[in-house]
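Some notes on the structure that comes next.
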Amino acid sequence: MRIFNTLTRRVEPLEPIEPGHVRLYTCGPTVYDFAHIGNFRTYVWEDLLRRTLRFLGFRVTQVMNITDIEDKIIAKAMATGASIGEVTEPFIRAFFEDLDTLGIERAERYPRATEHIPEMLAIAEGLQAKGLTYESQGSLYFRIDAFPSYGRLSNLERREIKVGARVDNDEYDKDDARDFVLWKGHREGEPSWDGPFGPGRPGWHLECSAMSMKYLGESFDLHTGGVDNIFPHHENEIAQSEGATGHPFVRYWMHAAHLMVDGEKMSKSKGNFYTLRDLVARGHDPRALRYLLLSTHYRTPLNFTFEALARAAGELQRFDALYVRLGEGARPAGRNDEFDAKAAAIETEIRDALADDLNVSGATGALFRLVREANAALDRGALPAGSVEELKSLLGRVDAVFGVLTPPEATLLDPEIEELVTQRTAARKAKKFAESDRIRDVLASRGIVLEDTPQGVRWRRAVAGAPPD
Ligand code: AMP
Ligand code: ZN
């Protein structure tokens, strides 16, 4: 596997510390609201990365944090009079539901910030012991000019660093390279924990250092997030972790470009966002969204439009149509060796494309070629049972990575739909065309597409939001 490493700005072979086992940390959601589909671009890509690593034979241990204490959560709690838990619990539940809706595999662990305060304090104390911090007005700050490699990940020039200037906010711009807060002194109305620096709460960055090192070790392989995480979040994580342990923190960093709307980053604060739930409520199929988010290379910004979503749904229908054909009727036994060899070569091509820094368009291009080859062979009656079985298992292997190619079971089997299709065929045979048209309309209103072929009527469920055939 070769990946683009943000730290070195090069594509490099991924060589985990323990051969064959990738330890992966992915920054997770801040649970003060529903995640938007921009966030899901990053999470879906991380799922593609995880699945690709497994496809290539790696074992993966993935940890994703849940940020359940942070400025925006506290602001919401204070505005509504709710407790922190009352603000976060519904959105933690919603987050896991959304992961399932999008077919995102579960990480091995989802640690919560509020359950790791002692680990965070231990790092802060370690930093203090090494002279990398100072206290001011009850808060503890990281002294960035005492950490010589500060700015390496985000390519900050030393001159941009403002010595002695502080920032208390969890999020800030690159122009604001300042000493950042590790522990925020207690403020009226805010939740707080006791600790060696007095009552207060952790800054956002500290949690990811504490939870990643606790579960993956002081040095681990791979850390990811969206490009907005590079500065300050990941830069600060490196400073805190390496400052405290004296060891290299993470060897490879990968970052996904943003999901955009009209040339701007999709974000809560700009108000230009959709949640997954918005799209599902408008009748869009989450499979189509997953496919749309996956199919642009992760380092290229992706502009979200409803036309692009409809196109993605249309492309999935081509896979669904093939699945339906592969499930049909009796076929002669045996194999088509020429076809099998072509299919095997395409699988290798898909594997190589994914192993090349997740070249998805290379992989999907090869996959569509396979769909065309398979349809052509089926048209010629040249795909015997053995080759069909092999093709199905090949598609299954590839779909362990994409997670969108296999139509849901209910899409393929539905006795009620089968019955209506049989009735329509009977009506047509009896030349009761008004009746057969009526049944066709009933089926269409339920999203069923019919195709009359020499082998009989074929039906499939339209992918919601796809343009008409
Ligand atoms: P947050 O909840 O803001 O910390 O974001 C969670 C994850 O979503 C982080 O990895 C962000 O980098 C990522 N993210 C936020 N906005 C976008 C966007 N418009 N496109 C892609 N990823 C995003
Ligand atoms: Zn993080």
Side-chain angles (χ1 to χ4, degrees), residues 6 24-49 62-73 76 88 91-92 94-95 98-99 102 104 107 109-113 116 120 123 153-154 169-172 180 202-216 220 222-241 249-250 253-276 289 292-294 296-304:
T6 309
L24 166 66
Y25 188 85
T26 46
C27 285
T30 305
V31 284
Y32 70 107
D33 207 337
F34 296 109
H36 58 67
I37 60 170
N39 303 129
F40 281 113
R41 179 184 193 195
T42 295
Y43 303 140
V44 164
W45 158 67
E46 289 164 339
D47 183 56
L48 177 75
L49 174 65
Q62 180 190 0
V63 175
M64 177 178 273
N65 64 301
I66 304 280
T67 301
D68 61 351
I69 183 80
E70 192 259 2
D71 296 351
K72 295 190 287 290
I73 296 172
K76 191 157 185 178
T88 57
F91 296 115
I92 293 175
F95 176 68
D98 288 353
L99 292 185
L102 281 171
I104 295 175
R109 272 179 194 277
Y110 292 94
R112 298 183 185 190
H116 295 78
M120 295 186 220
I123 293 177
L153 181 73
S154 56
N169 297 342
D170 285 330
E171 291 177 69
Y172 50 90
F180 61 91
W204 169 42
H205 314 292
L206 192 53
E207 67 176 83
C208 286
S209 288
M211 295 191 274
S212 63
M213 293 198 290
K214 172 164 182 177
Y215 296 109
L216 298 172
F220 62 94
L222 181 55
H223 193 316
T224 66
V227 285
D228 58 314
N229 285 157
I230 298 175
F231 188 89
H233 187 48
H234 291 164
E235 197 67 68
N236 293 354
E237 276 188 49
I238 295 173
Q240 296 163 157
S241 308
F249 176 43
V250 171
W253 291 84
M254 293 172 81
H255 293 97
H258 284 144
L259 184 68
M260 315 289 285
V261 181
D262 299 329
E264 278 196 301
K265 176 192 173 191
M266 181 177 286
S267 71
K268 275 275 150 60
S269 56
K270 295 202 183 86
N272 60 354
F273 65 91
Y274 295 99
T275 65
L276 176 59
L289 179 65
L292 173 67
L293 295 177
L294 279 185
T296 295
H297 189 256
Y298 75 95
R299 285 192 281 120
T300 307
L302 167 60
N303 197 41
F304 177 78

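Whatever order the structure lists ligands and atoms in, that order sets their numbers, starting from 1. Only a predicted model underlies this, so the values are computations on that prediction, with no experimental measurement involved. The analysis underlying the following values was restricted to heavy atoms, covering all of them including side chains, and did not include hydrogens, waters or symmetry mates. We number each residue from 1, following the sequence as shown.
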Are His116 and Tyr215 an aromatic pair, judged by ring center distance below 6.0 Å?
yes
For residues 202-216, which residue pairs pass the salt bridge (charged side-chain N to carboxylate O under 4.0 Å, His left out) check, not counting sequence neighbours?
Glu119-Lys214
Between the NE2 atom in His223 and the CZ atom in Phe249, the distance rounded to the nearest 0.5 Å is 4.5 Å
Thr224 and Glu46 side chains, donor-acceptor separation under 3.5 Å
yes
Test item: side-chain donor near acceptor, Asp228 and His258, under 3.5 Å
yes
Can you tell me, to 10 degrees, how wide the angle at the Zn ion (ligand 2) is between SG on Cys27 and NE2 on His233?
120°
Taking 2.8 Å as the cut-off, does an N/O/S atom of His234 lie below it from the Zn ion (ligand 2)?
no
Which word best sums up how the rings of His205 and His233 line up, parallel for under 30°, tilted for 30 to 60°, or perpendicular for over 60°?
tilted
With no hydrogens and no angle check, just 3.5 Å: does a side-chain donor-acceptor pair link Thr30 and Glu70?
no
Just the distances, no angles: every ligand 1 N or O to protein N or O pair closer than 3.5 Å, one line each.
from     : atom 1 : to     : atom 2 : distance (Å)
ligand 1 : 2 (O)  : Thr30  : N      : 3.4
ligand 1 : 5 (O)  : Asn39  : ND2    : 3.3
ligand 1 : 8 (O)  : Asn39  : ND2    : 3.1
ligand 1 : 10 (O) : Gly226 : N      : 3.2
ligand 1 : 10 (O) : Asn229 : OD1    : 2.9
ligand 1 : 12 (O) : Gly226 : N      : 3.1
ligand 1 : 12 (O) : Asp228 : OD1    : 2.4
ligand 1 : 12 (O) : Asp228 : OD2    : 3.4
ligand 1 : 12 (O) : Asn229 : OD1    : 3.4
ligand 1 : 19 (N) : Leu259 : O      : 3.1
ligand 1 : 19 (N) : Met266 : O      : 2.8
ligand 1 : 20 (N) : Gly38  : O      : 3.3
ligand 1 : 20 (N) : Leu259 : N      : 2.8
ligand 1 : 22 (N) : Gly38  : O      : 3.0
ligand 1 : 22 (N) : Thr42  : OG1    : 2.7

